[in-house]
> 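If you scroll down you'll find the structure; I have some questions about it.
Small disclaimer: the values here were computed from a predicted structure and weren't measured.
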Amino acid sequence: MNDTVEAVAIEARPKAAAVYIGLLAALAGLMFGLDIGVISGAEQFIKADFGISDVVLEHIVSWMMLGAAVGALAGGWMARSLGRKRSLLVGSAIFVAASILCGVSWSVGSLLVGRLILGVSIGMLSFTSPIYLAEIAPENIRGSMVSFYQLMITIGIFVAYLSDLAFSYSGNWHWMLGIIAIPGVLFFLGVFTLPDSPRWLMMRGRTEEATRVLTRLRGNPQIVAQEEQEIAAQLRIPQHGWRMFLQNSNFRRSVGLGILLQIVQQFTGMNVVMYYAPIIFKDMGYQKEAQMVFTAIVGLTNVLATFIAIWLVDKLGRKPILYIGFSVMAIGMAFVGIMMHLGIDTRVEQLFTVAMLLIFIIGFAMSAGPLIWILCSEVQPINGRDFGIALSTLTNWIANFVVGATFLTLLNSFGHAQTFWLYAGFNAVFLLITAMLVPETKNVTLEFIERNLMAGKPLRKIGQ
Ligand code: BGC
């Protein structure tokens, strides 16, 4: 009886440690989301306060994405040389400083600089956190853990929508932008309690520390020894980053896949809704207050539907979820387009169109939202992982910038219905891309994926 209890305790302890560490690291996603969500509500007040044009406002919105692109690259270098933990510390310290700067900004110039630096921190965090999570998670919950990171992004967006709504009554955009420093400080303090990733420690030759961390994470000495052997075997191949990219065509394939996956994620059209939801609801004929309420409902739907991914990702697998998600998104976008084409006049038509937009959100949140980050963290070989993920994260931000910066122009030049159909079409194409290029990585170790990649297996088969 006692033996059983003890055995269970031994099994449970390391898992709890892994889960705690994973949950804490995933809070980086909260910052990511706060930042994406916060600006939409602040825009009109900033515009009125500084008396600026739409073009200047667009800069204020989008310099964050540019900064994030730079931060993703810097994160690639930092996570390798300083380690994952210290990168998270640096990223969150910059986040706190930049959000205070945005909050107290006294001119367009200072706000632009604040947004840019804020972007740098988000780029670093959005690069380092998924890597760290994939490296510390046992493979049977790796997908769920990275999904949890996405969940935190969606919670961040939702909380920012709510906070914007609250501050919108006073119109105080300084508080809207500054208040996110508080979760930043808490995250910074939390990161101090995290261990460094065992893989990174071994890369640096700090084997004893790696064993200690792995023991804390996995418990079972046999599993620890086996994982150490696998990591050590990979580290014997002295290739990395740019050199490996030039020399190894298999690595170029995984880097290309990561880049493509992030383009796919952004061109689903999700951020069109994230940044412009109030305008879309205005198009449907809703007044100001209803626009804000529906925007909050979009945020909440995004949070709730992410649970579907967390629940299914390690059960159903990556590919089936992506097939369902892209189909649902294509249908949602197509119907929003059809309704805009036919004209939205009655209350029923309005509600039907809102429902279709929410269907689209569900499709994204249950699939491409978390899944793309998971896949990007899984497909790169260890020696080129930082480089590969830095490039795919960089792509995420550049594509994010392109989508965000073209939506209004598309609406005006291409037409409202046509713009939504365009995104519906993209999602249909992504079904094909999934079939042809995306591997199923459920329940296999990162080392197994790497062996298959390097053996030259087609990308869609590197998880089998
Ligand atoms: C994307 C973001 C997006 C968010 C929405 C993330 O996975 O990378 O660009 O705003 O999901 O929930």
> Would a distance-only check, ignoring hydrogens and angles, find a side-chain to backbone donor-acceptor pair under 3.5 Å from Ser367 to Gly363?
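Looks like yes, one N/O pair under 3.5 Å.
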
> For the side chain of Arg115 and the backbone of Met64, is there at least one donor-acceptor N/O pair under 3.5 Å apart?
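No, because the side chain of Arg115 does not come within donor-acceptor range (under 3.5 Å) of the backbone of Met64.
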
> Could you tell me if the side chain of Phe326 sits less than 4.5 Å from the side chain of Thr268, heavy atoms only?
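Of all side-chain heavy-atom pairs linking Phe326 with Thr268, at least one is under 4.5 Å.
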
> Would you compute the distance between atom OG of Ser121 and atom CG of Leu88 and round it to the nearest 0.5 angstrom?
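So the OG of Ser121 and the CG of Leu88 are separated by 11.5 Å.
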
> Classify the side-chain pair Asn452/Gln464 by whether it contains a donor and acceptor separated by less than 3.5 Å.
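The criterion, which ignores hydrogens and geometry beyond distance, is not satisfied for Gln464 and Asn452.
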
> Knowing that exactly one of Phe245, Phe127, Trp77 qualifies, which makes a ring-ring contact (aromatic ring centres under 6.0 Å, His included) with Phe387?
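Single ring-ring contact (aromatic ring centres under 6.0 Å, His included) partner of Phe387 among Phe245, Phe127, Trp77: Phe245.
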
> Under a 3.5 Å distance rule, please check whether Gln265 uses its side chain to pair with a backbone N or O of Gly369 as donor and acceptor.
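A pair under 3.5 Å: yes.
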
> Applying side-chain contact (heavy atoms from CB on, under 4.5 Å) to Ile359 and Phe335, what does each step give before you reach the verdict?
CA-CA 10 Å; Ile359 292 279; Phe335 271 104; over 6 Å; no

> Give the intermediate values and the outcome of side-chain contact (heavy atoms from CB on, under 4.5 Å) for residues Leu23 and Leu27.
CA-CA 7 Å; Leu23 297 192; Leu27 287 179; over 6 Å; no

> Do the non-hydrogen side-chain atoms of Leu257 and Leu375 ever get within less than 4.5 Å of each other?
no

> Looking only at non-hydrogen atoms, find the nearest pair between Phe267 and Ala399 and report the distance.
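Smallest heavy-atom distance, with atoms named: CE1-CB, 4.1 Å.
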
> So, Thr395 and Gln262: side-chain donor and acceptor under 3.5 Å apart, yes or no?
no

> Of all the heavy-atom pairs spanning Gly258 and Cys376, show the shortest one and how long it is.
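Shortest heavy-atom contact: O-SG, 3.7 Å.
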
> Any non-hydrogen side-chain atom of Phe187 less than 4.5 Å from a side-chain atom of Leu30?
no

> Less than 6.0 angstrom separating the ring centers of Phe32 and Trp397, yes or no?
yes

> Could you pull out the closest heavy-atom pair between Ala210 and Glu228, with the gap in Å?
C-OE2, 4.2 Å

> How close do Ile321 and Val313 get, counting heavy atoms only, and between which atoms?
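The pair with the smallest heavy-atom distance is CD1-CA, 3.5 Å.
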
> To the closest 0.5 Å, what do you measure between CG (Leu112) and CD1 (Ile60)?
5.5 Å

> Working to the nearest 0.5 Å, report the span between CG of Asn302 and CG of Leu358.
10.5 Å

> Could you check whether Glu209 pairs with Arg204 (Lys NZ or Arg NE/NH1/NH2 to Asp/Glu carboxylate O, under 4.0 Å)?
no

> Look up atom CZ in Phe158 and atom CG in Leu34, then write down how far apart they are to the nearest 0.5 Å.
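Answer rounded to 0.5 Å: 12.5 Å.
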
> Only pairs at least two apart or in different chains count here, so list each ring-ring contact (aromatic ring centres under 6.0 Å, His included) that has a residue in residues 189-233.
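The answer is Phe188-Phe192.
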
> Do Lys442 side-chain atoms and Arg318 backbone N/O form a donor-acceptor pair below 3.5 Å?
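Answer holds: no.
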
> Taking the side chain as every heavy atom from C-beta outward, state whether Val379 and Pro439 have any atom pair closer than 4.5 Å.
yes

> Supply the atom-to-atom distance Ile122 CD1 to Ser129 OG, rounded to the nearest 0.5 angstrom.
11.0 Å

> State, to 0.1 Å, how close Gly463 and Phe448 come at their nearest heavy-atom pair, and which atoms those are.
O-CE2, 3.5 Å

> Would you check if the distance from the ring center of Tyr275 to the ring center of Phe407 is below 6.0 Å?
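Here the rings of Phe407 and Tyr275 have centres that are no less than 6.0 Å from each other.
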
> If you look at every heavy atom in Val354 and Phe281, which pair is closest and at what distance?
CG2-CE2, 4.1 Å

> Hey, does Met203 have a side-chain heavy atom less than 4.5 Å from the side chain of Arg80?
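Counting from C-beta outward, Arg80 and Met203 do come under 4.5 Å.
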
> Are the side chain of Arg199 and the backbone of Ile231 linked by a donor-acceptor contact shorter than 3.5 Å?
no

> Check for a donor-acceptor pair, side chain of Ser87 on one end and backbone N or O of Ala79 on the other, with a separation under 3.5 Å.
yes

> Verify, without hydrogens or angle tests, whether Ser92 (side chain) and Leu89 (backbone) share a donor-acceptor contact under 3.5 angstrom.
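Confirmed, Ser92 side chain pairs with Leu89 backbone.
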
> Measure the shortest side-chain to side-chain distance between Ser126 and Asn396 over non-hydrogen atoms and say whether it is less than 4.5 angstrom.
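Result no, sub-4.5 Å side-chain heavy-atom pair not found.
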
> Could you check if a side-chain atom of Phe307 sits within less than 4.5 angstrom of a side-chain atom of Thr154, using non-hydrogen atoms only?
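No, too far: nothing below the 4.5 Å cut-off.
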
> Could you walk me through whether Ile382 and Arg385 pass side-chain contact (heavy atoms from CB on, under 4.5 Å), step by step?
CA-CA 5 Å; Ile382 175 76; Arg385 185 161 296 146; 3.7 Å; yes

> I would like to know whether Ile21 and Arg216 meet side-chain contact (heavy atoms from CB on, under 4.5 Å); could you show each step before the answer?
CA-CA 10 Å; Ile21 291 164; Arg216 189 172 157 203; 4.0 Å; yes

> Quick check for you: to the nearest 0.5 Å, what is the distance between Thr301 atom OG1 and Leu357 atom CG?
9.5 Å

> Kindly indicate whether the side chain of Gln380, heavy atoms from C-beta on, has any atom under 4.5 Å from the side chain of Ile131.
no

> Are the side chain of Tyr276 and the backbone of Gly404 linked by a donor-acceptor contact shorter than 3.5 Å?
yes

> So, does Thr393 use its side chain to make a donor-acceptor pair with the main chain of Ile389 at under 3.5 Å?
yes

> Please confirm whether Phe426 and Tyr423 have ring centers closer than 6.0 angstrom.
yes

> Please check this pair: side chain of Ser377 against backbone of Ile374, looking for a donor-acceptor N/O pair closer than 3.5 Å.
yes

